[in-house]
S.K.: 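I'd like to ask you about the structure that follows.
Position 1 is the first residue of the sequence; numbering continues from there. The analysis underlying the following values was restricted to heavy atoms, covering all of them including side chains, and did not include hydrogens, waters or symmetry mates.
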Amino acid sequence: MTRTKLFKAFKGLDIKECPFANLPEAKSGRWGAGLTAKKMADCRWLKPVLVAQIEFLEWTGETHLRHTRFMGLREDKAAKDVRRE
């Protein structure tokens with residue numbers, strides 16, 4: 001999926017508040033991982049309705065994904081049905 005198509009999918013989904021209950025994180029972590037309140041000021045938030053297919057190597061001890069790669073959007077699954085496997 002090209003960036004242009006992805007940005008078109010984002011159109012109209014902008015929201016002002018973070019939709020996630022577990023953010024911000026208290027600290028940025030050893031390698032800069034972690035979304036602190038300061039980093040969140042630069043974020044653009046979207047309604048959580050799209051589902052992305054993400055390839056990754058592993059989960060870290062802080063429940064972050066390591067070595068991620070965006071594979072595309074999925075249309076066969078609703079966002080509310082997504083669970084950690």
Side-chain angles (χ1 to χ4, degrees):
M1 175 172 273
T2 67
R3 286 186 201 182
T4 304
K5 288 181 183 178
L6 196 55
F7 279 106
K8 284 181 183 178
F10 293 167
K11 191 172 184 159
L13 297 178
D14 289 80
I15 55 176
K16 294 183 185 207
E17 297 292 322
C18 170
F20 303 105
N22 63 339
L23 295 175
E25 294 177 303
K27 59 182 182 166
S28 66
R30 181 174 167 189
W31 303 106
L35 195 53
T36 62
K38 184 177 179 181
K39 287 183 183 180
M40 283 177 63
D42 295 328
C43 292
R44 177 180 173 191
W45 299 107
L46 303 174
K47 293 177 191 171
V49 295
L50 301 174
V51 176
Q53 178 80 33
I54 305 293
E55 182 179 87
F56 64 96
L57 184 62
E58 66 181 345
W59 287 95
T60 68
E62 295 81 29
T63 66
H64 295 153
L65 297 177
R66 181 171 283 144
H67 301 288
T68 59
R69 187 171 86 150
F70 175 76
M71 303 299 290
L73 290 179
R74 292 186 53 169
E75 297 180 8
D76 62 326
K77 197 175 239 187
K80 64 182 171 106
D81 296 332
V82 175
R83 302 286 181 264
R84 180 176 171 178
E85 295 179 359

S.K.: To the nearest 0.5 Å, how far apart are CD in Glu55 and NE2 in His67?
M.R.: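 Answer for the CD-NE2 pair, Glu55 versus His67, is 12.0 Å.
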S.K.: Side-chain contact test, heavy atoms from C-beta onward, threshold under 4.5 Å: evaluate it for Leu35 versus Phe20 and give yes or no.
M.R.: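 Leu35 does not reach Phe20 side chain to side chain.
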S.K.: What are the two closest heavy atoms between Pro19 and Leu46, and how far apart are they?
M.R.: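 For Pro19 versus Leu46, the nearest heavy atoms are CG-O, 3.9 Å.
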S.K.: Using the side chain to side chain donor-acceptor pair (under 3.5 Å) rule, collect all pairs that involve residues 7-19, keeping only residues at least two apart or in two chains.
M.R.: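 Non-adjacent pairs meeting side chain to side chain donor-acceptor pair (under 3.5 Å): Asp14-Arg44.
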S.K.: Are Phe70 and Phe7 grouped together when hydrophobic residues (ILVMFWY) are joined by side-chain heavy atoms under 4.5 angstrom apart?
M.R.: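 Linked, Phe70 and Phe7 end up in one cluster.
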S.K.: What's the shortest heavy-atom distance between Met40 and Cys18, and which atoms?
M.R.: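 Smallest interatomic distance, heavy atoms only, reads CE-CB, 3.6 Å.
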S.K.: Can Phe56 be reached from Val82 by stepping across I, L, V, M, F, W or Y side chains whose heavy atoms are under 4.5 Å apart?
M.R.: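 Val82 does not cluster with Phe56.
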S.K.: Look up atom CG in Leu65 and atom OG1 in Thr60, then write down how far apart they are to the nearest 0.5 Å.
M.R.: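 Between Leu65 CG and Thr60 OG1, I get 8.0 Å after rounding to 0.5 Å.
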S.K.: Of the non-hydrogen atoms in Val51 and Lys77, which two are nearest, and what is the gap between them?
M.R.: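 So the two residues come closest at CG2-O, 3.3 Å.
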S.K.: Nearest 0.5 angstrom please: His64 NE2 to Trp59 CH2, how far?
M.R.: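 One gets 9.5 Å once the value is rounded to the nearest 0.5 Å.
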S.K.: Sequence neighbours left out, what passes side-chain hydrogen bond (donor to acceptor under 3.5 Å, both in side chains) with Asp81? Give chain and number order.
M.R.: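 Result, side-chain hydrogen bond (donor to acceptor under 3.5 Å, both in side chains) vs Asp81: none returned.
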S.K.: Mind checking salt bridge (charged side-chain N to carboxylate O under 4.0 Å, His left out) for Asp76 and listing every partner two or more places apart, or none if nothing turns up?
M.R.: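 Partners of Asp76 by the salt bridge (charged side-chain N to carboxylate O under 4.0 Å, His left out) criterion, ordered by chain and then number, come out as Arg74.
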